[in-house]
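Notes follow the structure.
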Amino acid sequence: MSQPILTLTGLRKSFGPVEIIRGVDLQVLEGERHAVIGPNGAGKSTLFHLVSGQFPPSAGQIHLGQTRIDELDAHRINRLGLARSFQITNIFPRLSVFENLRLGTMQRFGLQYNFWRPVRRARDVAEQTETLLEQVRLARHRDTPAGELSYSEQRALEIGITLASDPRVLLLDEPMAGMSREETEYTVGLLRELTCGRTLMIVEHDMEVVFSLSDRISVVVYGQVIATGTPEEVRANPAVQEAYLGSGSAML
Amino acid sequence: MNPTNPMDPTNPMDPAPALARVPARVRAADADRAAVPAMLAGAALLALLPAVLSPGLLNAANQMLIAVLFASAFNVLAGQSGMLAFGHAAYFGIGAFATIHAMNALGGEGLLPTPLLPVFGLLAGGALGVAAGWFSTQRTGVYFSMITLALAELIHALAPHLKEVFGGEAGVSSMRMPAWGLDFGSSLQVYYLTLAWVSACLALLFFFTRTPVGRLALGLRENGHRLKFLGYNVHALRLLVFVVSSAFAGVAGGLQAMANESANYVLFDVRLSSEVVLNAYIGGVGVFFGPALGAALMTLFGYFVSDLTRSWLLYQGILFVLIMMYLPTGLSGLLPWWRAHSRHQPAGRLARLAALSLLAGALLLAGTVLSVELLQRVFAQDYQAQLAAGQAWPAVAFLGRDWLPGAPSTWLLPLALLAAGSLAARAAARRWQEAGDAAPAAGDGGPTP
């Protein structure tokens, strides 16, 4: 059994009087692909916001490995090796696709405060960026402003930017939303390849993707995890069938 | 959710709408290819300028160079990083005072002789930038602008009370001491000193845009929120960019102090802060040399037009409003726009369109100038003092002619010019629109009719 790399303990988050996350305990194991599913408004994205440092939790703790991260700034969490994508495309619209990816890559080569060396000289950054460009299949749009890409291309870019900082733990928030069948299939293959040696936590509504890609699945309903287990276990869980999918659980 | 999300299209301080009109591909490619040769050609031209200029004009050219550097330094924040700073006079001013005190203290000797003294402007501007930037860069958008404005006003209010530092009403004066075999007594030598500093600083600022932090500045402008999740300390980055901008603004101030051999707390006035904003936006903040272009043209405009008319500030204001309304990418936005059109239009049609536009511009200009100048003369105090009750208003002189304010013909001429100009402008706008529609790619680039 591998070690837990991400541990959520008694996590709670309220916005004013509304409690969105109502006590979540969850362990993501090192190297696994862990999907988080649940109905709309269950708090899946909020969970990602808490883990990635967008907001501090109201109560509870988050550990990345042995390090407590729930009080850290977002950029510190990223440097500890956790990167996330966004459900609503969050790119640099007027910069070229290449530039978008390069902004993500530079940090990992320690160039974040460098103003005395032209960035073009940094071969390693350029090579890494080109590789990433190929991987997310955007090489032919290298010099296109990101804002001019089609929606699904922007989704691919979003994943590319997230991967650019070479994270140990990758949080993807509905990466396939709005993609065609073919694009989804490609992206699933890509994720399988790129998450080798990494840990993936993914929110996704496409059940086919979830059940084929994940090692384990957690079901979030109304701010709480009601079940965690392998796809088979989750599929067989009566509470999941009842709460999440109603009686007609054809999707599972 | 996030009140200062730069992705928010309603963010009022975001310069994005103005830039969005020129496709980024065109912008980047043009800037890359044109910048270095343009820089060298410009420097060579400026180096030859003294051969043809009178000393008075040479002083104006010196002022122009300083304004060019100031606007370019400002644009590191406004155009490149999307942070609209409203108090840049503070860094210009502090640079001027630091340099003037260094001139007095060092006497142009030792390790830092006269020509190197603007380095104190760099240090002082940068140091004040660290202090002021640490506060202001914690916020973005409107809040950032307000903090920079407040801090600059604080210094402006404080300066007259700190007599030892800022010299009170009289200011602080000094002398340029000889060094390196030059006496720096003539405007020619001062001009070359300024030119050397400005060229070097512009080259450094241009280089800065090519470095990782320079690229990250663009990322700050586009989407600072995302940068946080890529592991960047966004506050530290904003601060770094702020300090680069304020340090080079300090050099501009230092050069001004060298040229004038004095500095006065009036330098901290908000007018200087707003002038640099106007210059940068008139030239266009979207390209590296846009603000430099704007500053150069507006300095020359000020120099020549302020000699001709008392209403020159009004003309400057009208110009700014017109450019912001019809050419939001600034004057430098004209080039890619023209290129996009010339790629798709036959030259003859383009020439006719350009001629029509120029005609419209000339008519509107003539109509505006005539009405403004006549009104200004009629409402002038000394003219109003001549009026006697029950008598016709005497004629005013303009362009070697007498104009009777009571005669309808006096006002019909400017009105007719304005009407004809408006019609011509409307026709020109319609035709540009048609030309743009015929070639869709050309349509999204330029001035809106």
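Values below: every heavy atom of this structure, side chains too, minus hydrogens, waters and symmetry copies. Chain naming here is simple, since letters A, B, ... match the order of the sequence lines and numbering starts at 1 in each.
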Problem set entry | Test item: A:Gln107 side-chain N/O and B:Tyr232 main-chain N/O as donor-acceptor pair under 3.5 Å | no
Exercise. Nearest heavy-atom pair of A:Arg79 and B:Gly231: which atoms, and what distance?
Worked result: NE-O, 2.7 Å
For this session: Determine yes or no for a side-chain-to-main-chain donor-acceptor pair under 3.5 angstrom, with B:Arg226 supplying the side chain and A:Ile91 the backbone.
Result: no
For this session: Any chance you could measure A:Phe115, atom CZ, to B:Thr209, atom OG1, to the nearest 0.5 Å?
Result: 14.5 Å
For this session: Look up atom CG in B:Asn223 and atom OG1 in A:Thr89, then write down how far apart they are to the nearest 0.5 Å.
Result: 11.0 Å
For this session: Heavy-atom distances under 4.5 Å only: say whether A:Arg84 touches chain B with side chain, backbone, both or neither.
Result: both
Problem set entry | More than 12 heavy atoms of other groups within 6.0 Å of B:Phe135 CZ | no
For this session: Report the C-alpha separation of A:His75 and B:Asn233 in whole Å, then their side-chain angles, then the decisive distance to 0.1 Å, and conclude whether the side-chain contact (heavy atoms from CB on, under 4.5 Å) test is met.
Result: CA-CA 6 Å; A:His75 71 269; B:Asn233 182 341; 3.5 Å; yes
Exercise. What part of B:Leu218 lies closer than 4.5 angstrom to a heavy atom of chain A: side chain, backbone, both or neither?
Worked result: both
Problem set entry | Most contacts with chain B, counted as non-hydrogen pairs under 4.5 angstrom, among A:Ala164, A:Ala83, A:Pro118 | A:Pro118
For this session: Would you tell me whether A:Arg121 and B:Thr211 have side-chain atoms, one donor and one acceptor, within less than 3.5 Å of each other?
Result: no
Exercise. Is the number of heavy atoms from other residues, nucleotides or ligands under 6.0 Å of A:Phe109 CZ greater than 12?
Worked result: yes
Seminar exercise, completed: If one checks every heavy atom of A:Ile161 against chain B at 4.5 Å, the contacting part turns out to be both
Problem set entry | Straight-line distance of B:His225 NE2 to A:Gln54 CD, nearest 0.5 Å | 3.5 Å
Exercise. Side chain, backbone, both or neither: which part of B:Leu204 has a non-hydrogen atom closer than 4.5 Å to chain A?
Worked result: neither
Exercise. Hey, does the side chain of A:Tyr113 reach the backbone of B:Val213 with a donor-acceptor pair shorter than 3.5 angstrom?
Worked result: no
Problem set entry | Proximity breakdown for A:Asp73 and chain B, heavy-atom pairs closer than 4.5 Å | neither
Problem set entry | Max heavy-atom pair count under 4.5 Å with chain B, selected residue of A:Leu111, A:Leu82, A:Leu103, A:Leu80 | A:Leu103
Seminar exercise, completed: Looking only at A:Arg76, A:Arg102, A:Gln112, A:Arg108, most heavy-atom pairs under 4.5 Å shared with chain B are made by A:Gln112
Problem set entry | Closest non-hydrogen atom pair, B:Lys228 against A:Asn78 | O-CB, 4.4 Å
Problem set entry | Side-chain heavy atoms of A:Phe86 within contact of B:Phe229, under 4.5 Å | yes
